[in-house]
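Count residues from 1 along the sequence. No experiment lies behind these values; they were computed from the predicted model shown.
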Amino acid sequence: MKTPISSIAILLMAVSCSTQLGKSPVEKVVGEMTLDEKVRTVVGTFTDVATPPPVAPGVQNRADYPGAGENTARTYNQVPGAAGDGYPVARLGIPAIVYADGPAGLRIDPRREGEQATYFCTAFPSASLLSASWDPALVERVGAAIGDEVLRYGVDILLAPGMNLQRNPLTGRNFEYYSEDPLLSGLTAAAYVNGVQSQGVGTSVKHFAANNQELYRNGINEIISDRALRELYLRGFEIVVKKAQPWTVMSSYNKINGTYASENNWLLSDVLRDEWGYEGFVMTDWFGADDPVLQMEAGNDLLMPGTPNQIDELSEAVASGKLPVEVLDRNVARILRVLEKAPRVRGYAYKNDPDLSAHAVISREAATEGMVLLHNNGVLPLRESKSVALFGNYAYDTQPGGSGSGYVNRAYKITLDKGLEAAGFKLDKALADSYRKHIAFEKSQMPEEYFWVVPTASEYKVSTSQIAASSKSDIAVITLGRMSGEGGDRSATEGDYLLSAQEKLLLKDVYKTFHGQGKPVVVVFNIGAPVDLSGVEAFADAILLAWLPGQEAGYAITDILTGAVNPSGKLPVTLAGRYEDVPSARNFGLSAGEINTVRYEEELMVGYRYFSTSGVKPLYPFGYGLSYTSFEYSDFLVDGDVLQVTVKNTGSCAGRETVQFYVAKPAIESGRPARELCAFAKTSSLEPGCTETLRVPLADTVNPLEQWADGRWVLAHGPYRFWAAASSEDLRLSCEVNM
Ligand code: GLC
């Protein structure tokens, strides 16, 4: 008797319903998927934009394609403002996974049509400030708080951390990246990933690899030597992959030695998976690169945010045999093995209920831990001052973070004027009113701030009479700032990397007036990446680098100025001073005479690796940062693969000290830097007179004593000189070991 079709269908359904992601082996789930479902699983479900124009050599940034910069709706739009969704196959228990930015906190729309509820997230300090804390335990706590908001707002994978090396101070996204050093970058990123993923949600370490500029980022071809790639541009990613196993990796837009990162089999399969043992999946950056078949074969498992054309192209490629279905199955299985862990697959019922006030406390504490005191003649911490003449737009319009995908829709931001007032300082009213009125008026003429564009007013032109009138205050505080963001680099011009003539005049006039009355001047920098601070010390009794310190900015800066918190941050990047002194200055953006090509001719000479070798003096060196107390180092020794040193607080107030360990390796090939960071550790808070002995393992995840030579990692024989240092230029103790 013929079995009516419907019961076969029901039988099939019954059979297939028994196969569920998260309950059945992934191979079984893949085996039950149709070809169309497999193709759609490796492509995101964004449908609002046609395939962006192909990238031709020399093309400008593709950020002008429709859909970039706006928060266009997504197919499923389960969490409005999220960056993209995965493809659901309900009958197999595969939900539409939600992906959202970003490194300084979750970015989703703060309001939804027809709803009273709000969906604000906590704006934490930007990445550069976190690495300036040199405190992975703190970074892990920040990661956990961000991961909690990701989970509770119904997002599965956070598109963070950004961790490209800060090769040049003008890179537009430096604020989103950690350091010029791969060890500090990698260990900071690993702490962040462990923190976020401890909440049961995923991360996406980005942008793999060498996305070190924004100019022509979608098409630029970077010529980088094998050694520079391995020791600088890949090393940080190697550390985070081995130490934290991020659920996903986001490949970068750019080409490396002629091949797009997302189409690069050597990068995504040979190195990332075969050498480093990576177990997650790789997604493209949004609309990254061109050839979906090459991307699939290279091991770029997911094309985000996905376009209809990619589905067509892949379907045809499989049908024609151009793309073996085994490759498709491999990539689908990689995606599903990660999705098995996702909250949506685990049936987590999110309630949009993160504890934002508790996270605000963490954001404020983290902000104070990464601020760097660059100069202080004793005026800080403020003791007697009660009244403040507050200068500079950024004091009244303090910037918590940068623009672009790394922006956070926070409920509020605490500007420095509010932070000082909350601590009981009386601001010069006339001056404050002038700044506030100027900023409010100019902003009223500008577009509403949103993630892609953060408008800032022109610097208010304060007059010498206003300065004189405000000099009855006990102290002057000047805040200078810079915004930066995704999609564009900065320039070595006045008002950007260089201070403007107006800013210099402000510093000079305020200093002259206040010092004329024996009153101090404090300068605060609210910036996401280096500016040329040459000459500022001549007009400042103290200089504080506050970075982009998150939504609690004003409170955190005030905590440092008043000494409520003793500054312990140290520079994760060299402040060179003159841009001409920056080794990559000659090859940034484009190399001379080249189309769409930049040559990393400086090789390993990036940041302190260059300055410590060339003898050119930086203004403020990598690893530098002052405290309100002082520290002495003693008993430095290398005990096997453990570095040990004792730190004593020789000052008058409690504080924390970051000790950096540098090594001079016996060079296998020429061009070896004079010294390289091989470990670091931060003491706990030491009371005056107290000591702490730090014991730091050398080979934390990777062996920093290795050199890349002849296509492999080599531990050279010979003398290794180690230093225990307070900065890359302040070498306190040293010893030599023969390996
Ligand atoms: C952007 C950025 C990337 C971000 C993604 C989603 O172009 O390069 O960092 O995560 O698209 O917004």
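A salt bridge between Lys617 and Asp581 is absent, with no side-chain N of the basic residue lying under 4.0 Å from a carboxylate O of the acidic one. Classification of Arg599 and Glu601 as a salt-bridged pair fails, no side-chain N sitting under 4.0 Å from a carboxylate O. Using a cutoff of 4.0 Å between basic side-chain nitrogens and carboxylate oxygens, Lys242 and Glu275 are not scored as salt-bridged. The pair Arg230-Glu706 does not count as a salt bridge, with every side-chain nitrogen at least 4.0 angstrom from each carboxylate oxygen. Salt bridge absent: Asp135 and Arg141 never bring a charged side-chain N and a carboxylate O closer than 4.0 Å.
At distances below 3.5 Å, at least one donor-acceptor pair connects side-chain atoms of Ser252 with backbone N or O atoms of Ala209. In terms of modelled atom types and a separation under 3.5 Å, the side chain of Thr658 and the main chain of Phe680 share no donor-acceptor contact. With Asn194 contributing its side chain and Glu140 its backbone, the two residues share no donor-acceptor pair below 3.5 Å. Between the side chain of Ser584 and the backbone N or O of Arg167 there is at least one donor-acceptor pair closer than 3.5 Å. In this structure, the side chain of Trp286 engages the main chain of Ala83 through a donor-acceptor pair within 3.5 Å. Between the side chain of Gln707 and the backbone N or O of Ile668, at least one donor-acceptor pair lies under 3.5 Å. Distance alone, capped at 3.5 Å, places no donor-acceptor pair between the Arg235 side chain and the Leu183 backbone. A donor-acceptor pair under 3.5 Å is formed between the side chain of Asn211 and the backbone N or O of Gln213. Within the 3.5 Å criterion, the main-chain N or O of Ala298 finds a donor-acceptor partner in the side chain of Ser269. Looking only at distances, a side-chain donor or acceptor of Tyr608 sits under 3.5 Å from a matching main-chain atom of Leu677.
There is a side-chain donor-acceptor pair under 3.5 Å between Ser128 and Gln166. A donor-acceptor pair shorter than 3.5 Å cannot be found between the side chains of Glu657 and Ser627. A donor-acceptor pair shorter than 3.5 Å can be found between the side chains of Tyr579 and Asn168. Side-chain N/O atoms of Arg173 and Ser405 include a donor and acceptor closer than 3.5 Å. Between the side chains of Asp181 and Ser179, no donor-acceptor pair is found at a separation under 3.5 Å. Of the N and O atoms on the side chains of Arg721 and Ser734, at least one donor lies less than 3.5 Å from an acceptor on the other residue.
Between Arg217 and His207, every side-chain heavy-atom pair lies at or beyond the 4.5 Å cut-off. With contacts defined as side-chain heavy-atom distances shorter than 4.5 Å, the pair Pro530/Tyr497 qualifies. Between Val642 and Val696 there is no side-chain heavy-atom pair separated by less than 4.5 Å. In this structure, the side chains of Leu637 and Cys735 stay at 4.5 Å or more apart for every pair of heavy atoms. Within the 4.5 Å cutoff, side-chain heavy atoms of Ile239 are placed close to those of Val702. Between Met304 and Leu159 the shortest side-chain heavy-atom distance does not fall below 4.5 Å. Between Asp270 and Asn265, the closest side-chain pair of non-hydrogen atoms falls below 4.5 Å. A heavy-atom distance below 4.5 Å is found between the side chains of Leu215 and Leu590.
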From CA spacing to verdict: side chain to side chain contact (heavy atoms under 4.5 Å, CB included), Tyr253, Glu214: CA-CA 10 Å; Tyr253 284 128; Glu214 289 303 285; over 6 Å; no

Apply side chain to side chain contact (heavy atoms under 4.5 Å, CB included) to residues Arg732 and Val645 and explain how you reach the verdict. CA-CA 11 Å; Arg732 298 288 178 84; Val645 72; over 6 Å; no

Stepwise salt bridge (Lys or Arg N to Asp or Glu O under 4.0 Å) test for Arg609 and Glu180: CA-CA 9 Å; Arg609 286 174 164 79; Glu180 67 190 31; over 6 Å; no

Begin from the C-alpha positions of Trp266 and Val271 and carry the test side chain to side chain contact (heavy atoms under 4.5 Å, CB included) through to its verdict. CA-CA 6 Å; Trp266 169 78; Val271 174; 3.5 Å; yes

Output, in order, the C-alpha distance, side-chain angles, deciding distance and verdict of side-chain hydrogen bond (donor to acceptor under 3.5 Å, both in side chains) for Ser728 and Gln660. CA-CA 8 Å; Ser728 58; Gln660 299 137 54; 5.8 Å; no

Test log, rule side chain to side chain contact (heavy atoms under 4.5 Å, CB included), inputs Val573 and Asn174: CA-CA 10 Å; Val573 64; Asn174 275 338; over 6 Å; no

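Distance CG/Leu232 to CG/Leu229: 9.0 Å, rounded to 0.5 Å. With rounding to the nearest 0.5 Å, the separation of OH in Tyr177 from OG in Ser126 is 13.0 Å. The CD1 atom of Ile527 lies 8.0 Å from the CG atom of Leu548; values are rounded to the nearest 0.5 Å. One finds the CG atom of Leu373 at 9.0 Å from the CD1 atom of Ile543 (value rounded to the nearest 0.5 Å). A distance of 15.0 Å separates CD in Glu238 from OH in Tyr278, rounded to the nearest 0.5 Å. A distance of 10.0 Å separates CG of Asp496 from CG of Asp489, quoted to the nearest 0.5 Å.
Of all heavy-atom pairs between Thr613 and Arg672, the closest is CG2-O, 4.5 Å. Annotation for Ala104 and Ile146: closest pair C-CD1, 4.3 Å, computed over non-hydrogen atoms. Cys678 and Leu643 make their closest contact through SG-CD1, 4.1 Å (heavy atoms, listed as atom of the first residue, atom of the second, distance). Scanning both residues, Ile223 and Asn257, for their nearest heavy atoms gives CA-OD1, 3.2 Å. The minimum heavy-atom distance between Leu619 and Ser534, with the atom names listed, is CD2-N, 3.2 Å. Closest heavy-atom contact between Ser568 and Glu369: OG-OE1, 3.5 Å.
Residues Trp134 and Phe622 bring their aromatic ring centres within 6.0 Å.
When the ring-ring contact (aromatic ring centres under 6.0 Å, His included) test is applied to Trp276, the partners found at least two apart in sequence or on another chain are Phe208. Applying the ring-ring contact (aromatic ring centres under 6.0 Å, His included) test to Phe525 and every residue at least two apart in sequence or in another chain returns nothing.
Remark: of the listed residues Asp101, Thr248, Asp285, Thr248 is the sole one forming a side chain to side chain donor-acceptor pair (under 3.5 Å) with Ser204.
Among residues at least two apart or in separate chains, there is no salt bridge (Lys or Arg N to Asp or Glu O under 4.0 Å) pair with a member in residues 524-537.
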